[in-house]
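Here's the structure, in structure tokens; my notes come after.
Just so it is clear, the model here is predicted, and its values are computed rather than measured.
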Amino acid sequence: MITVNPDGKIMVRRCLVTLRPFRLFVLGIGFFTLCFLMTSLGGQFSARRLGDSPFTIRTEVMGGPESRGVLRKMSDLLELMVKRMDALARLENSSELHRAGGDLHFPADSNLGVPPGRGSCPLTMPLPFDLIYTDYHGLQQMKRHMGLSFKKYRCRIRVIDTFGTEPAYNHEEYATLHGYRTNWGYWNLNPKQFMTMFPHTPDNSFMGFVSEELNETEKRLIKGGKASNMAVVYGKEASIWKGKEKFLGILNKYMEIHGTVYYESQRPPEVPAFVKNHGLLPQPEFQQLLRKAKLFIGFGFPYEGPAPLEAIANGCIFLQSRFSPPHSSLNHEFFRGKPTSREVFSQHPYAENFIGKPHVWTVDYNNSEEFEAAIKAIMRTQVDPYLPYEYTCEGMLERIHAYIQHQDFCRAPDPALPEAHAPQSPFVLAPNATHLEWARNTSLAPGAWPPAHALRAWLAVPGRACTDTCLDHGLICEPSFFPFLNSQDAFLKLQVPCDSTESEMNHLYPAFAQPGQECYLQKEPLLFSCAGSNTKYRRLCPCRDFRKGQVALCQGCL
């Protein structure tokens, strides 16, 4: 239950969240992204599948009674878009689109305050909002319409970005020179302005979404109504089922298999006859199917979707395939062109790494014995419905509230401090001599968020990224701490001798190179990156702790 008081305080169960009067602007956002944003705020909708043409809406949250109507406004906008999408599609690439432009009133000119034309003149008045939530399509619209003003106000932008954008792809000059330029990167934003669905890229901010949370009565009813031998396959397109006959045959020995594969008239030939296919189900009916099933099984695609979390929240065990070698832009067409070099070791890395057994089982589907052994073990395993706190309504509000209160990308960036004789670092070597900690007798850095006392600095082994190095120690890489470590003194405190020290633009720096014992510091603050590795370097990695069930926030972040 959510209660909004006139003074702008929101009470969500036991969590009090205070928001200052605050205005959102959602611009040029794709249909998928709007649906994602709406459901993230707890809304529900149903609509037929449409194209991904960008469209433009405006939503305001003023802190008082207006905030209660946000979901209703978004729902109304979705219904309006469903009705108008076909008409807009017919107008596209025709002269009628130009004649209709005067009636559509896209807010790039009325609401952004941009002069007519290409926006070659700067804005003449302050923006009427504080933050702009958009996606890559909206970002392109803004740059096209705002002209010179885009550079001034881009610090207010938050980009909803499903797969993440790493700093090497975000920095235009560096990406162009070093082969990281793609169709989606090179915006020169602070990497934390990109907001992802899952916490897979610490260089970005984890926005997430809201999944339905069950009360205790609903959980008991689900446990009592579970079928002991029912499996639902994660895959609505027939092409996903192709080539899966072998392990489907193994699964069929133990369980009744159900599918939700879309078809118009004839049953897809890729779906075996022993599978009970329900066709494409509305979300409420799909939820009911999950509440009866014991197992929700993935075929390796789609990657990192919300369905596994919904299944686990409805009391299912999720079985997924392990990828060897891991999938990435180097070996898999799906990731090619995306602004990330992240390696994906399973269909749903979040479920594997942050939930795990008994709710999530990750096995090699190419190993029939391992796959069958997992099925037998799952048949003997009992689980309760489970939803990570960060995907509850309360958890998301807590996280977004912290971002709104503490993330300020409009102030001057912290210096990279590349000089060899930078001010002495405020760190001490930990008692076990393995890493650096913030000295207790040192004052905290003013304005730093997360607070600087959460920092733990580790030197990675050669070829290991900071993302993985921090996880190895049960921590999370925190890129906002890099400036504190970007000095020769940090290496000396870790008892690393630097025969020479240089500063360059490189997304792997600060780092220690062997042989030669050379220390490299970062010259460009936008290139501080948790991602990336090279066997030549031992990277200096800033890590922090995190709250249980809320990986985006450190223990002292609230």
Counting C-beta onward and ignoring hydrogens, is there a side-chain heavy-atom pair between [X] and [Y] closer than 4.5 Å?
X	Y	value
H171	N188	yes
M142	I157	yes
T165	T340	no
S205	M195	yes
L429	L494	yes
M197	F163	no
S500	C519	no
P450	F481	yes

Under a 3.5 Å distance rule, please check whether [X] uses its side chain to pair with a backbone N or O of [Y] as donor and acceptor.
X	Y	value
Q347	P302	yes
D135	I160	no
R538	A460	yes
D545	Q555	yes
R539	G532	yes
Q522	N506	yes
E394	Y389	no
Y186	R181	no

Legend entry - SG atoms of C466 and C477 less than 2.5 angstrom apart: no
Inset, instruction - May I ask you to check whether the SG atoms of C470 and C541 are separated by less than 2.5 Å? - result: no
So, taking the atom named [atom1] in [X] and the one named [atom2] in [Y], what distance separates them when rounded to the nearest 0.5 Å?
X	Y	atom1	atom2	answer
D130	R156	CG	CZ	6.5 Å
E390	R547	CD	CZ	12.0 Å
N170	T182	CG	OG1	10.0 Å
I132	Q193	CD1	CD	10.0 Å
L485	L540	CG	CG	4.5 Å
F512	Y537	CZ	OH	12.0 Å

In terms of relative ring orientation, are [X] and [Y] parallel, tilted or perpendicular, with 30° and 60° separating the classes?
X	Y	result
W449	H406	parallel
Y180	Y169	perpendicular
F301	F334	perpendicular
F198	Y350	tilted

Legend entry - Check: H332 ring centroid to Y303 ring centroid under 6.0 Å: yes
Legend entry - Ring centre gap for H453 and W438 strictly below 6.0 Å: no
Any idea which heavy atoms bring [X] and [Y] closest together, and the distance?
X	Y	value
F491	C498	CB-SG, 3.7 Å
K152	C155	O-SG, 4.0 Å
P510	N486	CB-OD1, 3.8 Å
P325	N331	CG-ND2, 4.1 Å
T201	G164	OG1-CA, 4.2 Å
P167	L526	CB-O, 3.5 Å

Inset, instruction - Might you work through the side chain to side chain contact (heavy atoms under 4.5 Å, CB included) test for D472 and R464, ending with a clear yes or no? - result: CA-CA 10 Å; D472 292 341; R464 195 72 168 159; 3.0 Å; yes
Legend entry - Any side-chain donor near an acceptor of the partner, S529 and E166, under 3.5 Å: no
Inset, instruction - Decide whether a cation-pi geometry holds between R399 and F206; the criteria are a distance under 6.0 Å from NZ or CZ to the six-membered ring centre and an angle within 45° of the ring axis. - result: yes
Inset, instruction - Find out whether the Lys NZ or Arg CZ of K493 is both under 6.0 angstrom from the six-membered ring centre of F427 and within 45° of the ring's axis. - result: no
Legend entry - Stepwise side chain to side chain contact (heavy atoms under 4.5 Å, CB included) check, L309 with I355: CA-CA 10 Å; L309 289 188; I355 301 178; 3.7 Å; yes
Inset, instruction - Give the C-alpha distance, both sets of side-chain angles, the deciding distance and a yes or no for side chain to side chain contact (heavy atoms under 4.5 Å, CB included) between E524 and H507. - result: CA-CA 9 Å; E524 170 53 67; H507 71 289; over 6 Å; no
